[in-house]
There are 2 protein chains.
Amino acid sequence: MVQIKDVAKRAGVSVASVSRVLTGLPVVSEPTRLRVLAAVKELDYRPDLAARRLRSRRSDTIGLVVSDIRNPFFTEVSRAVEDVAFSRQMRVILCNTDEDPNKEASCLELMRDEKVSGVILSPSLKLLSHFTRADYGFPIVLVDRYERGIEADAVLLDNFDAAYRLTEHLLANGHRQIVFVYGAESATGRQRLEGHRAAMVKHQLPVQAEGVKPMEDQAREAALAVLKRSPLPQAVIASSGLILLGVAEALRATRTVIPRDIAVAGFDNLPWTQLVEPGLTVIAQPTYDMGREAIELLLQRIATPDKAMRQLVMRGELIERGSSAARQHT
Amino acid sequence: MVQIKDVAKRAGVSVASVSRVLTGLPVVSEPTRLRVLAAVKELDYRPDLAARRLRSRRSDTIGLVVSDIRNPFFTEVSRAVEDVAFSRQMRVILCNTDEDPNKEASCLELMRDEKVSGVILSPSLKLLSHFTRADYGFPIVLVDRYERGIEADAVLLDNFDAAYRLTEHLLANGHRQIVFVYGAESATGRQRLEGHRAAMVKHQLPVQAEGVKPMEDQAREAALAVLKRSPLPQAVIASSGLILLGVAEALRATRTVIPRDIAVAGFDNLPWTQLVEPGLTVIAQPTYDMGREAIELLLQRIATPDKAMRQLVMRGELIERGSSAARQHT
DNA sequence: ATTTAGGTTGTAATCGACTACATGTTTTTT
DNA sequence: AAAAAACATGTAGTCGATTACAACCTAAAT
């Protein structure tokens, strides 16, 4: 195993100089720098990360704590985070919480043990409700979930605005009786409900909301119940991609024709939403960008810990497809 | 910062005893063990991982190297790997290669630097073609991709069998002119082509294969070209979920009706395959189980490095849906 | 010519845990 | 009862880097 003293010997300098070159300190002369780099290359020296981390108290590692990496939103975020981290020679450690506060606490403890430089976190509702930055030894950037007034960096969709515009779109196309199926245990779901509510109230229409647990089968059951109503509502909105999937399954199971029998709209522009006839109208989130912004924000926070907290609120894009087409007068 | 000597003092023992208790060595008496554990709890002591790793030369970390975590197959595998690792107090480090041999080499180098206990790898075609276990300082388990005769642990689908059965299913339903759209740059795609070929040859039918790059838009273009043919083939098989998506997009864009105009079948039982009318017939892979088996295999390999290599070949499940319904005689 | 400042370099201490070895104690064997 | 074996524990060295500090050299300032 070649180590730093071998490099030092080869380059004819002390270990301190080698270390200075490798950590990028600007206190080495150009000639020594070049000789060290040459020796490193000749010997194919790789610094021992454990030793480096022990002494320097830093790990150059980013933690990513999400409910479930299989959620396409988080998958995309993780890819963005990994891309940026990789380009900066940093590592990513992943942890799934399943929305379980205990597992979430374990994950954050794990991150503390790893002495991560920072964490990108999608918090459970419970953690979000009493989030305090001082509780952790590392900076945190929240993604997807955030509540007004919390002192934390965050990257999220403008949920209120997105749901408001989606609702306005349906209303403009003549749909009046709208059922809003949303994730009741999620801050995001609730904020989207508020945006929907605001649009409905503005048009003096009643709000029909169905809160579900954030699982596909739950959403399907809720949607099936809605579809048993008589008369059928004129439209249904799903507050997330997962719920939209459940709704689509229910519609297919009951042979309900979109948009003739009922109009549909939802969140998350997943690949399949354009495949389901006649194409599902959705709010697209800039997921990859959100992940990228989250880690950039985190890296800035690590560099300058005392600047004021920032929230990056991103705008969703309304993608109109056949599922929300104008209502035919009957 | 509370450290091991604080615990030792509190428990009235030496640091060696504390270390022995914490690393689970069976050479401590029960009384001291209990007193150490009590002291650990009272002080909320957390061992410094960097120090531990430096001295012990082990990291208790697993590397996961895949082409793209956004591929649902790998997403699911990563979730399984993370679950098992988490339950054993191990970490997972993720790296995406984009099928680029250079990035792949960087990822594996990164894993070496991290002194991972082992790696779960989905190799590029190039790496697979001259894979040698001795090239790395850690054990490797291959997932999804494997070639006969390679001396390596692996977990994969029985691709030949799955494609064979899928083809037999289409043939049994009366489809004769079948186009097989497959990922030409993937070992998996090629193996599936061989299975398809075997079934066609057995029935003395010609093989029509279209190799594409493993990207959705490439598959769509290829499928569009196929759909321009006159007469239209009677069925199309997609050798992966990604390609199936491209095919489905092409069919929708051309308003081709499944299965009246053309029958469809493919791989990967993704949530949306049952949503596309009239439901797409697919081979389902036991993805989560494959991930679980992969890390279990890896942990066994770490425990006993010298046992013979093992390949776990799993059987795909044929899920028949409307897209491959029996051909109407004309 | 002497002092001062600024820039380079090297020596040695240090990070915090694991573990080889030595030592002491108890149990078993002869 | 003595010797050997087995077990339990402690002391101190070690893992391989970073970095505080001191020492040195050169150039600028007095």
Side-chain angles (χ1 to χ4, degrees), chain A residues 1-40 43-61 89-91 110 112-117 137, chain B residues 1-40 43-61 89-91 110 112-117 137:
Chain A
M1 178 88 260
V2 36
Q3 52 198 61
I4 199 170
K5 59 185 172 203
D6 302 319
V7 177
K9 193 169 293 176
R10 176 99 181 203
V13 298
S14 72
V15 293
S17 293
V18 177
S19 175
R20 287 184 189 109
V21 170
L22 264 39
T23 52
L25 289 180
V27 292
V28 270
S29 68
E30 196 57 16
T32 41
R33 208 179 73 85
L34 293 176
R35 286 167 60 203
V36 167
L37 290 178
V40 165
L43 299 176
D44 189 30
Y45 167 67
R46 323 266 342 172
D48 185 297
L49 294 178
R52 168 177 283 185
R53 288 170 182 163
L54 171 59
R55 184 59 234 249
S56 69
R57 326 289 299 131
R58 304 183 309 108
S59 71
D60 287 338
T61 297
Q89 320 249 54
M90 300 183 84
R91 316 287 182 254
L110 182 158
R112 181 160 62 93
D113 289 350
E114 290 284 348
K115 294 204 171 47
V116 294
S117 306
Chain B
M1 180 88 256
V2 34
Q3 52 196 64
I4 199 171
K5 60 184 170 202
D6 303 319
V7 177
K9 193 169 294 176
R10 176 98 181 203
V13 298
S14 72
V15 294
S17 293
V18 177
S19 176
R20 287 185 189 109
V21 171
L22 264 39
T23 51
L25 290 179
V27 290
V28 272
S29 69
E30 195 59 15
T32 43
R33 210 179 71 84
L34 293 176
R35 286 166 61 203
V36 166
L37 290 177
V40 165
L43 299 176
D44 189 30
Y45 166 68
R46 323 258 351 166
D48 185 297
L49 293 178
R52 167 176 285 185
R53 288 170 182 163
L54 171 58
R55 185 59 235 250
S56 70
R57 326 289 300 131
R58 305 183 309 109
S59 71
D60 287 337
T61 297
Q89 319 249 56
M90 300 184 85
R91 315 287 182 256
L110 183 158
R112 182 161 61 94
D113 289 350
E114 289 284 348
K115 294 203 169 48
V116 294
S117 307

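As the structure is a prediction and not an experimental result, all values here were calculated from the model. A note on names: the letters A, B, ... follow the listed sequences, proteins ahead of strands, and every chain is numbered from 1. Computation of the quantities below employed the complete heavy-atom set of this structure, encompassing side-chain atoms and omitting hydrogens, waters and symmetry-equivalent molecules.
Using modelled atom types, one side-chain atom of A:R35 and one backbone atom of A:A11 make a donor-acceptor pair closer than 3.5 Å.
With hydrogens and angles ignored, no donor-acceptor pair under 3.5 angstrom links the side chain of A:R53 to the base of C:dG16.
The side chain of B:S56 approaches C:dC18 more closely than any other nucleotide in the set D:dG16, C:dC18, D:dT11. Looking at the side chain of A:R55, the nearest of the listed nucleotides D:dT19, D:dT9, C:dG10 is D:dT19. When distances run from any side-chain atom of A:A51 to the nucleotides D:dA12, D:dT9, D:dG16, the shortest one goes to D:dG16. In the set D:dA17, D:dT11, C:dA17, D:dA17 carries the atom at the smallest distance from any side-chain atom of A:D48. Proximity note for A:R20 (side chain, C-beta onward) versus C:dA17, D:dA17, C:dG10: the nearest is C:dG10. Comparing D:dA17, D:dT9, C:dT9 against the side chain of B:V28 picks out D:dT9 as the nearest.
Remark: B:T32 is not in phosphate contact with D:dA8, judged by side-chain N or O atoms under 4.0 Å from OP1 or OP2.
Annotation: side chain of B:E114 is not in contact with side chain of B:T61 (no heavy-atom distance under 4.5 Å). Taking 4.5 Å as the limit, some side-chain heavy atom of A:D48 sits within range of a side-chain heavy atom of B:R57.
Among the heavy atoms of the strands lying under 4.0 Å from A:V13 are primed sugar atoms or P, OP1, OP2 only; no base atom is included. Within 4.0 Å (heavy atoms only), B:S19 reaches at least one base atom of the nucleic acid.
Summarising the local packing, CD of A:Q89 is surrounded by 12 or fewer heavy atoms from other residues, nucleotides or ligands at distances under 6.0 Å.
When the nearest nucleotides of DNA chain C are assigned to A:S29 and B:L22 by heavy-atom distance, the more 5′-ward of the two goes with A:S29.
Computed from coordinates, the B:K5 NZ to D:dA12 P distance equals 14 Å when rounded to whole Å.
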